[in-house]
Visitor: 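Before we start, here is the structure in question, set down as structure tokens.
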Amino acid sequence: MNAAELTARNIQKAYEMGRGRLQVLRGCSLRVAPGEFVAIMGKSGSGKSTLLHILGALDAADAGEIRFHDEDVAPARGSEGRFVDRLDRLLRGLQRVLYVILLLLLPVGGIVFVLVPALLLAVPAIVERWPQAGATHLMAAALCLVLLGALPLILAVLLLARLALVDMGERRRTLLRRRDFGFVFQFYHLLPELNVLENVLLPRMVGTPLWRWPRERARAHADAVAVLRRIGLGERLTHRPAELSGGERQRVAIARALIHKPRILFADEPTGNLDAAAGAELMALLKRLHAEGQTIVMVTHDPSVAAQADRILRLEDGQLRQV
Amino acid sequence: MYKLFLILRYLRKRRIAYLAIAAVMLCTAMVLIVMSVMGGFLDQLKVKARGLLGDIIIDNKSYSGFPLYEEFIADISTWPEIEKATPVLYSFGLLRFPGTAQTHTVRVVGLRLDEVYEVNAFQRSLYYEKYYPGTTHLGEQQQPVIGADPNLPPIVLRDENGALIGRGARPLLPAEYQAALERSWAAGVRDNESPPNEWAEICRDANLPVIVGEYEVDPSRPPALIGEPFPGLIVGRDILAKRLPDGRYKRYSLYPRGCLMTLTMVPVAGTGSVETPIKQPFRYADDSRTGIYEIDSQHVYCDFGLLQKLLRMDAAERVDPQTGEVLGTLPPRCSQIQIKLRPQVNGRPVDPKAIAQRLQEHYHRYALDPRFDLTLSDRQLIQFIEAMTWEESQAHIIAPVEKERQLVTILFSIISGVSSFLVLCILYMIVVQKTRDIGILKSVGASHAGVAVIFLLYGLAIGLIGSVLGTILGCYFVTYINDIQDALTALNPAWQVWDRSVYSFDEIPNTVRAGDVALVMTAAVANAVLGSLLAALLAGFMQPVEALRHE
């Protein structure tokens, strides 16, 4: 067997469902070789999509290891991920404390909001008649106001810091999605405000900084047009998703997934929302891509669709089995 | 790149964002209008309050006044910072128009008119002096009467076709007044302060200078100065004229220029004892309008020397009350000294507060100066003297308006904070609507921070566009605020907000300051960015899978 492109070992994932816990994946392991077309089958709700999302770095597993070209996809324990997670937990705790203080202060704040203007207006009289008491009250009121004004600001800074941490912790997964993985979803997921060409260009825009875009634009444009022509949508460049059929939309989604030349294409029930003819057409397209060397990992519940793949795996009781 | 692309696209396609822009725009415009109108009101109030004052005022707040003002003025006239100083007297009196039952309690101000013209803007507040330059004085004067000169050709009025409409004697003022009128007419001075009348139209049709104001008219005789000479009195305009809703003043023929009026006053001795009331006839020489109603409805102005004599504040013999022996001379007294400062000395700006302090200390030294043989009461009067800048002396008028401006600005700024919540609500709505798009963006490699930045920049763009539009709207509204009010009043008189018969200014103040614009715009943008923060954080923390599964 060739060196694996993607390896998953003992992947576990559970969802909290109210008070209960639903264990969806119970130690899934998988190897995908370069250029391989793997289909994962399973009943509805068996966790196929969850597994695909974890493999495609869209979601994180509770436990297990995923390696892409021998590089760990999820942050390994003991490296930056753990430190980031710890810091994030600390900030989240601090955030909760601030929420409580803010909630406690709100009724006080309401009173202060009414009292402070009244006090400010009465300052000359207060200071004149009762200099010390006036100053004390004013200082107390000012302190309350500062706290009330400062707390939301501190909270905002805290949240921004947490966002930066989450961003840092997810950086590897984000880069994989940006450079090496492409996704096709059951419901196409095209942006309705953008036309076909713009939807296809989106991954290239995401991967290109603003200052490099003027140089990159023409090439990206040409690549997008070429991909769209390749899948038979060369004449529909300026059409909006709403003006396309289901099959056409799914082809646009495939074009979007291919524009940045991903190493692996993940397809989640790509024919699930199409009629038989459109589904067959789409599978022919995927087969053609596979024939050109594209690695594909596809999730489906349809045996006839799965039959087009090189290898079929079945997900049962949270574990993968070779068919 | 995708951030800028999506922001521009969302701005164009998400029409709900227009509501956020409109909210920011209206709040910006509202705060700017309030700040501009209140700021302009304050500026105009300061200018008006300044009208009758010098840069520095010396006063002891005593009805008895204070002595040695001539010596003091002579002393300080050598100071390089002092341009001019003049004494002023204040008293109270009862003004009566003979032949009518009209009486007014007034504040009587004694002035040296020629000196006051140099110290403050009093000359500009006079009505007749503007159209008949050089004819207003506070000395003895008779009443000018408009007459007809039989040697001059009569006025002949014809219509557009040349048909004769009317024919009448040419009205003429006494020579001095007529010459002054023709001088100002030739210089292009026209009366915009009085309501239009038929007489003015006839004069204009006949190509004659329009006689402005009210005069006694007697067409059966040549123009003349009639009646017994009496000292002149300048009267606050609101005492004898009625302010109309359009801001102009209607004068009455009952009070022609030069008419008689009497003033009854109560002199107070230097010791503070009240003496027998005195009554003095005056002739109405002119009327003054500073723009401050409290002044224009209560002040009358007469000659300083005359008032000093009437109030017995001039130099007098100092007599021993026991023996009747003459011990010396009591110095004359005044109530106030007004001082005009030079703006710069040796290239350095003059500090009015520092000069006021020096002047006060200088005056206080007079109390113990052996050169002056002062009584104990005169020494006390000097000890109470205070020198203050004109702003300090008018603080009772300016300070409340300044506080009001601050208060109104704070209140409206709080109200404008609502725009922040509107931006928050609208962007939150957009984030909820666009949850799946956020998932798509993250699935193609957009980072969490990158998605958050989209919504922060979106808020920034809403703030920038809203604040620019709001500034344009606010500036436009403030610039044409008077025209807008006139148009509304024309539609329905009850919609008149700025009643010119109530306020001292003819127009709603409309000063837009660059500093205010910058402040309001910055605050509006900051509000919008703050409002977008929550939505941005929500979008940023969203997990791609959850976002993609969002229903």
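Everything numeric in this text was worked out from a predicted model, so none of it was measured. Just so it is clear: chains get the letters A, B, ... in the order the sequence lines come, proteins before strands, and each one is counted from 1.
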Visitor: Count the heavy atoms of every other residue, nucleotide or ligand shown that sit under 6.0 Å from NE2 of His239(A), and state whether that count exceeds 12.
Guide: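 Buried by this count: over 12 neighbours within 6.0 Å.
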
Visitor: Could you tell me if the side chain of Arg162(A) sits less than 4.5 Å from the side chain of His448(B), heavy atoms only?
Guide: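 Counting from C-beta outward, His448(B) and Arg162(A) never come under 4.5 Å.
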
Visitor: Considering only heavy atoms, which portion of Pro203(A) lies under 4.5 Å from any heavy atom of chain B: side chain, backbone, both, or neither?
Guide: both

Visitor: List the atom of Thr174(A), the atom of Gly445(B), and the distance in Å for their closest heavy-atom pair.
Guide: CG2-O, 3.2 Å

Visitor: For atom CZ of Arg513(B), decide whether the heavy atoms of other residues, nucleotides or ligands shown that lie under 6.0 angstrom number more than 12.
Guide: yes

Visitor: Check this for me: Arg217(A), atom CZ, are more than 12 non-hydrogen atoms of other residues, nucleotides or ligands nearer than 6.0 Å?
Guide: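 Incorrect, the count does not exceed 12.
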
Visitor: With rounding to the nearest 0.5 Å, note down the distance linking CZ in Arg177(A) to CG in Leu441(B).
Guide: 11.0 Å

Visitor: Which bit of Phe181(A) comes within less than 4.5 Å of chain B, counting heavy atoms only: side chain, backbone, both or neither?
Guide: neither

Visitor: Less than 4.5 Å to any heavy atom of chain A: does that hold for the side chain of Phe5(B), its backbone, both, or neither?
Guide: side chain

Visitor: Is Leu534(B) close to chain A through its backbone or its side chain, or both, or neither, when contacts mean heavy atoms under 4.5 Å?
Guide: neither

Visitor: So which atom in Ser447(B) and which in Arg178(A) form the shortest heavy-atom distance, rounded to 0.1 Å?
Guide: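 Nearest heavy atoms, Ser447(B) then Arg178(A): N-NH2, 3.9 Å.
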
Visitor: If I measure from the heavy atoms of chain B, does Leu190(A) come under 4.5 Å with its side chain, its backbone, both, or neither?
Guide: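 Leu190(A) touches chain B through backbone heavy atoms alone.
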
Visitor: Measuring heavy-atom distances to chain B, does Glu198(A) have an atom under 4.5 Å in its side chain, in its backbone, in both, or in neither?
Guide: side chain

Visitor: Walk me through whether Thr50(A) and Val545(B) qualify under side-chain contact (heavy atoms from CB on, under 4.5 Å).
Guide: CA-CA 9 Å; Thr50(A) 301; Val545(B) 173; over 6 Å; no

Visitor: For Phe541(B) versus Leu163(A), what's the shortest heavy-atom pair and its separation?
Guide: CZ-N, 3.5 Å

Visitor: Look at the side chain of Arg9(B) and the backbone N and O of Leu194(A), then say whether any donor-acceptor pair between them is shorter than 3.5 Å.
Guide: no

Visitor: How far apart are the closest heavy atoms of Ser443(B) and Phe183(A), and which atoms are they?
Guide: O-CD1, 3.6 Å

Visitor: Evaluate side-chain contact (heavy atoms from CB on, under 4.5 Å) for Leu160(A) paired with Leu533(B), printing each intermediate quantity in order.
Guide: CA-CA 9 Å; Leu160(A) 285 173; Leu533(B) 190 62; 4.1 Å; yes

Visitor: Kindly determine whether Lys434(B) and Glu193(A) satisfy side-chain contact (heavy atoms from CB on, under 4.5 Å), including the steps that lead there.
Guide: CA-CA 11 Å; Lys434(B) 293 270 138 205; Glu193(A) 281 91 359; 2.7 Å; yes

Visitor: Side chain, backbone, both or neither: which part of His53(A) has a heavy atom under 4.5 Å from chain B?
Guide: side chain

Visitor: Any side-chain heavy atom of Ile440(B) within less than 4.5 Å of one from Arg256(A)?
Guide: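 Answer yes - side chains close enough.
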
Visitor: Using a 6.0 Å cut-off, check whether atom CZ of Phe384(B) has over 12 heavy atoms from anything other than its own residue.
Guide: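 Check fails, neighbour count at 12 or below.
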
Visitor: Is it the backbone or the side chain of Lys403(B) that comes under 4.5 Å from a heavy atom of chain A, or both, or neither?
Guide: neither

Visitor: I'd like to verify something: which residue of Arg212(A), His260(A), Met205(A) has the highest number of heavy-atom pairs under 4.5 Å with chain B?
Guide: Met205(A)

